[in-house]
Amino acid sequence: MSEETAHKTRSDMIVCENVDKWFGDFQALKGVTATIAEQEVVVVLGPSGSGKSTWIRCINRLEAHQKGTIVVDGVELTNDLRNIEKIRSEVGMVFQQFNLFPHLTVLDNVTLAPKWVRKMPKTEAENKAKDLLEMVGIPEQAAKYPGQLSGGQQQRVAIARALAMEPRIMLFDEPTSALDPEMIKEVLDVMRDLALGGMTMMVVTHEMGFAKEVADRVIFMESGEIVEEGTPEHFFTNPTEDRTKLFLSQIL
Amino acid sequence: MNEPTTIKIEKRPEEPSRTPREWIRKNLFSNIPNTILTLIFGAISIYAIRALLGFILSGERRWGAVATNMRLLMAQGYPADQFVRVWFTLGCLMALSGLSLAAWRASGRLSVKKISIWTMNLGGGLAIFAVLAPISWASRLGWIIAGMLFVLVGLSMWFGLRDSEKRLSGSVPTVWFTYGILGVLVLSLWTVPYGHYAFVDGELIAETGRTVAMSTKLPFTVMWLILVGSYLIGTQVRDWIPSGKAKGVLVGLWFLSPFILNWIVLRDPDFDYAHIASTDIPLALMFAIGGGLALYLLSKPDLGEIGRIVAIGFLIFAVFNWVAAFFGWYPMLQKVRISFVLLALAALIAPNFAADKRTRLRFAASWIGLIAVSHWLITAINSPSTLKLQGPTYLGGFSLTLFVAVLTLLLSFPLGVLLALGRTSSMPIARVLSTAYIESIRGVPLITILFFFSNILPLFLPEGMEIAELAAIVTGYTLFSAAYLAENVRGGLQSVMRGQYEAADAIGLTTSQRTGFIVIPQALRVSIPPLVGQAIGVFKETSLVAIVGAFDLLRIAAYVVPAQTEFLGVKREGLLLISVIYFIVAFSMSKYSQKLEERVGLGER
């Protein structure tokens, strides 16, 4: 009985089954199967070229998978445009290179999607945007252009922009890899707050400290496959697979 | 212990100012090759200036041909008794300019230092002119004294206005400086007789004693007053009006002005009011109400796919009407065909306005406005003119050049952007069609296209469909220029990073929103330099329309003026003058593009 209520409150947000993906003849994903529950924070680790970014980009269909099924919040990702639009407005994404719109002010970057996708009135969208900028700690930069901000500030704007759509899931694709060391912390702090607030998150990162502290689960990928997954304690202290041990010995 | 460290802010040291002698030594005579280059180019430029001045001031030149025919060069064939229309047009443009300068808060300032340097340069230039020009010693002395006076004024500015630290730091608003220069020019009309002309029985003949200055000094003074007055009014009221709205209205007026001023004011349509009441007004009402209702329904938020299907149905119907017109299957007013195309395009963008009732109502209201303006314009264009014309058109000379250039640029811009999008789109049909269009147009010389449109196209048209000479030329030129424009825009489109597309997708924008809000603004920003280059090209190459028989600036200077009995064979003066006119316009466009690049912060943001 109690198990069933638990199941209801924490339903599955992302379900991937045997996902295969090729770039030309190169197979980037090989039978990736994983389930991510509501409010869960999952960190995906792996050497470069292991397919972790490709996987996360498949989840909001920036890349199309060729085999297997991906179901996000009950909607299956197919070529149907309406499904894709629906999922994209519920899944926020933060990129390694920020990808802010350089010709719009910070405020316009954040309000664009709520105004035009959610059809939110202008003043409401702006108030919300100001709240979000307050949350990520840069309320005073609203009138500036992205090029006038530091990397860390830009990435926080990018997070605010994604949050403005009130997503149920946030995807982070190496959000700190393009940042100078002293700016990494300010971005990770925002992400930590978000995780504590109960957001479902999937994070590709090389920040082991973040993984240890915040993640509910760590997934280790190599050569397009999931090699090992488990809680951070298990993963960092007692990995079972040789490939995981090798990876950890190289980075720690 | 913890002494607060005081940060000493040091002023950046002043660059040591070089004396003119040091500057010359460093830049012109630094080593032997540099010295040789300086000497060679100095000799060449002295020779060139001498030759040019010799040409201009030679006793054989008859500048009277240009001065007398100034009106012909500017507005050939426009009835003299209706000239107030031309002045009204200019006045409207002046008022718009003044208001725009105020609304956009033109805040540029010219430093006194710059003005002083310009004044000194002008004086120096006059002195050089006096030395090199083939004129008598007496007048040479006069020019040198005038030059020295300018140098003196510049020097006294330089030394008289320095502050205590011996720096020249004052400045004046650029707007007022420009108004001052223009004012001096207008004032000179009252004193200097620039030209001579007279009309006898509607024909232009030369006559000494009366001057163009005399006939235009009053209107030009009024123009100046309108420019300055509207600026002053604008600066007074701009704090009372929301600036965004004021700017929006002004931009709209600027876009409408070529159409309204040309077809309503200059051409003065002779409306057939019975026909208007029986046909035009009912038609406009039908489209306004029916279309508005359809668009209001199509922008319903939860409509989904049906909306798109209906819109595409509209589009197919609209295109089919044109095909039917071409083969003469069924008669239909051109106005109705155009309105259906507009309705189809509006229906396609309707989902972007699917929101609360207010947005949808505003969308429908914009449609009604569009119908009102377009139907009014089409009716005006289709009505005959009340002007008694001497030539084939009421436009000629510089006014025709401007008309063709402005209309071509306005019309080819959206077409070019659409073609560029088509060529880079993922839809195979759009890609193939745009590529085929662009490549085939680019493979044909402009003159061929102009000939095709002015001579051959009328033969292909179905019965009952006519195309006026000028319309044919503008159509052909627009189609030509759009192909080149598309390639420039495509360059910009390719410079937009893939990450921008991904970010737009990731926040849920639709393809058309992504294109309109993210891709095109960035692409256009990058393509400003080539686009302005092309705009300059379009302006200059309007001179080719002379070949298909239009009386543009070039044709009047090269063929009309030299054919007058008074000035038989006098060609060079006119050609030199129109080169200067072309140069001034092209150079201002180029300068403006530099300003524009600075303002959008190309390469910074």
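Residue numbering restarts at 1 for every chain, and letters A, B, ... go by the order of the sequence lines. Heavy atoms only: backbone and side chains are in, while hydrogens, waters and symmetry mates are out.
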Practice problem: Identify the heavy atoms of A:Arg161 and B:Ile507 that sit nearest to each other, and give their distance. | Solution: CG-CG2, 4.0 Å
Quiz item: Quick one: are B:Asp505 and A:Ile84 in side-chain contact, heavy atoms under 4.5 Å?
Solution: no
Practice problem: Spell out, as yes or no, whether a donor-acceptor pair under 3.5 Å connects the side chain of B:Gln500 to the backbone of A:Leu100. | Solution: yes
Quiz prompt | Heavy-atom neighbours of B:Ile429 CD1 exceed 12 at 6.0 Å | solution = no
Practice problem: Mark yes when over 12 heavy atoms from residues, nucleotides or ligands other than A:Lys67 sit less than 6.0 Å from its NZ; otherwise mark no. | Solution: no
Exercise. Using a cut-off of 6.0 Å, state whether more than 12 heavy atoms not belonging to B:Arg105 lie near its atom CZ.
Key: yes
Quiz item: Taking A:Leu104, A:Asp108, A:Leu62 one by one, which has the highest count of heavy-atom pairs under 4.5 Å against chain B?
Solution: A:Leu62
Self-check item: For A:Val117 against B:Gln513, the heavy-atom pair lying closest together
Solution: CG2-OE1, 4.0 Å
Quiz item: What pair of heavy atoms forms the shortest contact from B:Ala506 to A:Asn60, and how long is it?
Solution: CB-ND2, 3.9 Å
Quiz item: Does B:Ala503 offer a backbone N or O that forms a donor-acceptor pair with the side chain of A:Asn99 under 3.5 Å?
Solution: no
Quiz item: Sub-3.5 Å donor-acceptor pair from the side chain of A:His103 to the main-chain atoms of B:Val519, do we have one?
Solution: no
Self-check item: Portion of A:Phe101 that has a non-hydrogen atom of chain B nearer than 4.5 angstrom
Solution: both
Quiz item: Got a sec: does the CD of A:Glu17 have more than 12 other heavy atoms crowding it under 6.0 Å?
Solution: no
Quiz item: Does anything in residues 85-92 of chain A get under 4.5 Å of chain B by heavy atoms, and if so which residues?
Solution: A:Glu85, A:Arg88, A:Val91
Exercise. Verify the neighbour count for atom CZ of B:Phe255: are there more than 12 heavy atoms of other residues, nucleotides or ligands below 6.0 Å?
Key: no
Quiz item: Is chain A contacted by the side chain of B:Arg498, its backbone, both, or neither, given a heavy-atom distance below 4.5 Å?
Solution: side chain
Self-check item: Engaged part of A:Arg118 at the chain B interface, taking heavy atoms whose separation is under 4.5 Å
Solution: neither
Self-check item: Side chain proximity check, A:Gln97 to B:Met497, heavy atoms < 4.5 angstrom
Solution: no
